[in-house]
Structure formats: C-alpha cells, structure tokens
Amino acid sequence: MLLSSLEVVPGRRVTKHLGLVQGSTVRAKHVGKDLFAGLKNIIGGELKAYTELLQESREEAVARMVKQAEATGANAVLNIRFATSSITQGAAEILAYGTAVTLE
Amino acid sequence: MDLIVFAILFVVGYFAGRWTEKRHYVSIREREEQLAGVLVFTNRFPPPSTTRVDSGLVAGSVVISEDFFKGVVAGLYSLVGGRIRSYESLLDRARREAVLRMKLEAQKLGSGMVINVKFQTFAIGGRNPGSIKGVEMLAYGTALSPVRH
C-alpha cells in the first residue's frame with residue numbers, strides 16, 4: 001500500500017479511483033501522565049507522553065484508513081490529510097483521510 | 001499564601017522556562033545543520049525533471065508545554081492585546097522541531113526531498129482552567145526517494 005500526500009504518483013498512472021477512505025481514533029490520556037505534565041507546565045519543555053500518545057493515535061488512524069482502502073481493492077491512498085479535534089477535556093480525535101486508487 | 005505560591009511559580013517558571021527554551025534552540029540549530037541535506041517544499045507536484053521515484057508519507061510531530069511564566073504573560077497580553085512574544089517562540093520551536101522529525105523520517109527512507117508539506121497546529125487543554133496547556137505541531141508531506149530494486 002502506497003501512502004502519499006500528493007495527488008499524483010511520479011512516473012505512475014492512476015487507473016481507477018475508488019473514492020474516499022478514512023480512519024479515525026479517539027484517545028484519552030491517563031491521570032498519571034497528567035500529573036507529570038502538570039509539573040512540565042511550570043518549567044516548560046516537551047510533553048513526551050503526549051507526543052507519543054498522539055503519534056500512536058495517528059498511526060492507528062492511518063492503519064484503519066489503510067484497512068478500509070484494502071477492502072476496496074486499492075493499492076495506494078493519495079492526497080492524505082490529517083485532522084485533530086478535541087472532543088472533551090483530555091480526549092482527542094485523530095482523523096486521517098485520503099483517496100483510494102489503483103495504480104498500474 | 002496563594003500569592004507566595006504564585007510568585008514562586010512565576011520566578012521558577014521564568015528561569016526554568018528560559019533555560020529549557022535556550023537548550024531546545026541549541027539542539028534545534030544543531031540538528032537543522034545536520035539535516036540540511038533534506039530539502040523541504042510546499043509544492044504540490046514534484047519537479048518536472050522527476051522521472052520515476054519512490055514516494056512515501058512522512059510525518060513529524062511534537063507536543064510542547066508552555067511554562068508558568070509564558071502562561072501568565074499571555075494572560076496579561078490577552079487583556080490589552082498585542083504581540084505575545086512568549087507564545088511566538090513556543091510555536092516557532094514546535095514547528096521547527098516537527099519539521100526536523102519529519103526530515104529525519106525522510107532521511108531514513110533515503111530521501112533528499114519532501115514535497116507538499118502541510119502543517120497542523122492543535123492546542124492541548126484549550127481554555128479550560130487547570131488543564132495541561134501545550135501545543136501540538138504536526139508536519140507531514142511526501143518524501144521522494146530514488147527507486148530501490
């Protein structure tokens with residue numbers, strides 16, 4: 001499965017458009033991480049636990065999108081975009097979406 | 001009593017925050033030099049001379065917390081308006097860090113060029129009082145690398 005944020009794949013032709021595919025996940029962090037982050041909020045710096053959390057969520061969202069693309073028989077997802085939104089305090093939704101296509 | 005705690009947090013936040021920021025900038029500059037070989041573009045299409053390359057999605061993200069001092073200063077500025085310098089540097093750090101991580105991922109793929117780069121900013125915690133405040137920056141794009149066989 002080829003993933004790309006471009007609308008084209010250099011040197012290859014799109015033979016079939018299979019439509020929009022998307023994957024999303026909603027994640028919340030646990031309290032322990034928040035306690036440490038509270039300390040970080042005083043002195044500043046990277047919130048590693050949060051970085052990892054969002055990274056994992058993004059990978060999960062992409063994996064779900066890929067699964068959906070595979071189900072439609074695609075071999076590539078083009079024009080991929082990400083979106084993040086906070087649902088409630090402490091929970092965030094991560095969405096990945098793109099266009100499933102078949103390449104020759 | 002509350003005032004004393006506030007004053008301590010304010011002073012600690014100022015010095016610790018400045019130290020963290022300085023150290024982060026040193027590390028950013030260092031890595032920017034190391035990764036100067038990976039070029040980053042916002043072009044939607046690859047250069048016309050491109051024939052056949054491998055393309056792959058690369059992304060870099062970071063969550064950076066504000067410090068107590070920055071938060072208080074920003075709170076004051078939001079009353080009177082104007083530039084909030086303390087947040088400008090925070091976002092600058094986050095954006096450059098995200099780009100660096102994206103470049104690193106591209107380098108691992110053997111790529112020297114990332115095109116169609118997009119940024120996304122996400123405020124963690126938002127305006128809720130007492131919540132963790134920070135900013136998430138995501139940079140993503142498509143890495144072009146020579147075809148491997």
Side-chain angles (χ1 to χ4, degrees), chain A residues 1-13 27 29 31 33-59 61-62 65-66 76-96 98 103, chain B residues 9 12-13 15-21 23-24 43-47 50-71 90 93-94 97 101 114-118 120-126 128 130-134 136 138 140-144 147:
Chain A
M1 183 68 60
L2 190 147
L3 302 175
S4 169
S5 70
L6 301 182
E7 292 149 57
V8 293
V9 181
R12 293 179 79 179
R13 216 161 49 86
R27 291 282 177 104
K29 58 209 183 289
V31 186
K33 280 179 181 170
D34 247 14
L35 282 175
F36 185 69
L39 187 71
K40 272 273 174 164
N41 242 194
I42 296 164
I43 61 165
E46 183 182 352
L47 298 169
K48 288 218 173 69
Y50 279 53
T51 306
E52 274 162 30
L53 181 80
L54 284 155
Q55 185 99 35
E56 276 168 25
S57 316
R58 192 147 31 242
E59 276 157 20
V62 169
M65 180 182 70
V66 166
V77 183
L78 304 184
N79 215 356
I80 294 173
R81 296 286 179 270
F82 290 106
T84 317
S85 49
S86 67
I87 305 297
T88 56
Q89 178 150 11
E93 191 213 16
I94 288 93
L95 166 70
L103 297 170
Chain B
L9 287 179
V12 168
F15 286 105
R18 246 176 61 152
W19 185 69
T20 331
E21 186 157 295
R23 232 175 34 147
H24 192 197
N43 293 13
R44 279 168 64 214
F45 297 102
T50 313
T51 49
R52 202 182 159 125
V53 286
D54 274 343
S55 49
L57 190 71
V58 285
S61 69
V62 65
V63 179
I64 293 188
S65 160
E66 63 174 39
D67 56 59
F68 195 79
F69 178 80
K70 279 184 194 294
L90 190 77
R93 273 160 66 199
E97 180 73 43
R101 287 180 187 187
V114 184
I115 63 170
N116 202 11
V117 172
K118 308 266 183 224
Q120 208 202 320
T121 318
F122 179 60
I124 286 172
N128 307 333
S131 69
I132 305 303
K133 291 199 176 57
E136 193 215 10
L138 165 68
Y140 61 100
T142 302
L144 302 180
V147 181

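Nothing here was measured: the structure is a model prediction, and the numbers come from that model. Below, chains carry the letters A, B, ... as their sequence lines are ordered, and counting in each starts from 1.
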Item to complete: Against chain A, label B/Arg23 side chain, backbone, both or neither, depending on which of its atoms sit under 4.5 Å from a heavy atom there.
Response: neither

Worksheet entry | Which of B/Asn116, B/Val58, B/Ile64, B/Val63 touches chain A most, by non-hydrogen pairs under 4.5 Å | B/Val63

Worksheet, complete the sentence: Looking only at A/Val9, A/Val62, A/Leu54, the option with the highest number of non-hydrogen pairs under 4.5 Å against chain B is A/Leu54

Fill in: Distance in Å, A/Asn79 CG paired with B/Arg44 CZ, rounded so as to fall on 0.5 Å steps
8.0 Å

Practice prompt. Mind checking the CD-CZ spacing from A/Gln55 to B/Arg101? Nearest 0.5 Å is all I need.
Written response: 8.0 Å

Worksheet item: Between A/Leu2, A/Val77, A/Ile43, which has the largest tally of heavy atom pairs under 4.5 Å with chain B?
Response: A/Ile43

Worksheet item: Which region of B/Ser65, side chain (C-beta onward) or backbone (N, CA, C, O), has a non-hydrogen atom less than 4.5 Å from a non-hydrogen atom of chain A, or is it both or neither?
Response: both

Worksheet, complete the sentence: Rounded to the nearest 0.5 angstrom, the CG-CG distance for A/Leu6 and B/Leu144 is 6.5 Å

Item to complete: Tell me, with the steps shown, if A/Ser5 and B/Lys118 meet side-chain contact (heavy atoms from CB on, under 4.5 Å).
Response: CA-CA 9 Å; A/Ser5 70; B/Lys118 308 266 183 224; 6.0 Å; no

Worksheet item: From B/Lys70 NZ over to A/Asn41 CG, what is the distance, rounded to the nearest 0.5 angstrom?
Response: 12.5 Å

Discussion item. With chain A as the partner, which of B/Val12, B/Ile115, B/Leu90 has the greatest number of non-hydrogen pairs under 4.5 Å?
Written reply: B/Ile115

Fill in: Options B/Glu21, B/Glu136, B/Arg93, B/His24, ranked by heavy-atom pairs under 4.5 Å with chain A, top entry
B/Glu136

Worksheet item: Taking all non-hydrogen atoms of both residues, which atom of B/Asp67 and which atom of A/Gly44 are closest, and how far apart?
Response: CB-N, 3.5 Å

Worksheet item: For the residue pair B/Tyr140 and A/Ile80, what are the closest heavy atoms and their distance?
Response: CE1-O, 3.6 Å

Response to the item:
When every non-hydrogen atom of A/Phe82 is compared with those of B/Gln120, the smallest separation belongs to O-OE1, 3.1 Å

Practice prompt. Look at the side chain of A/Thr51 and the backbone N and O of B/Val62, then say whether any donor-acceptor pair between them is shorter than 3.5 Å.
Written response: no

Discussion item. Using a 6.0 Å cut-off, check whether atom CZ of A/Arg81 has over 12 heavy atoms from anything other than its own residue.
Written reply: yes

Fill in: Side chain, backbone, both or neither of B/Leu138 within contact of chain A (heavy atoms, under 4.5 Å)
side chain

Worksheet entry | B/Phe15, CZ atom: more than 12 neighbouring heavy atoms under 6.0 Å | no

Worksheet item: How long is the gap from CE on A/Met1 to CG on B/Leu57, to the nearest 0.5 Å?
Response: 13.0 Å

Worksheet, complete the sentence: Turns out that what part of A/Arg58 lies under 4.5 Å from chain B's heavy atoms comes down to side chain

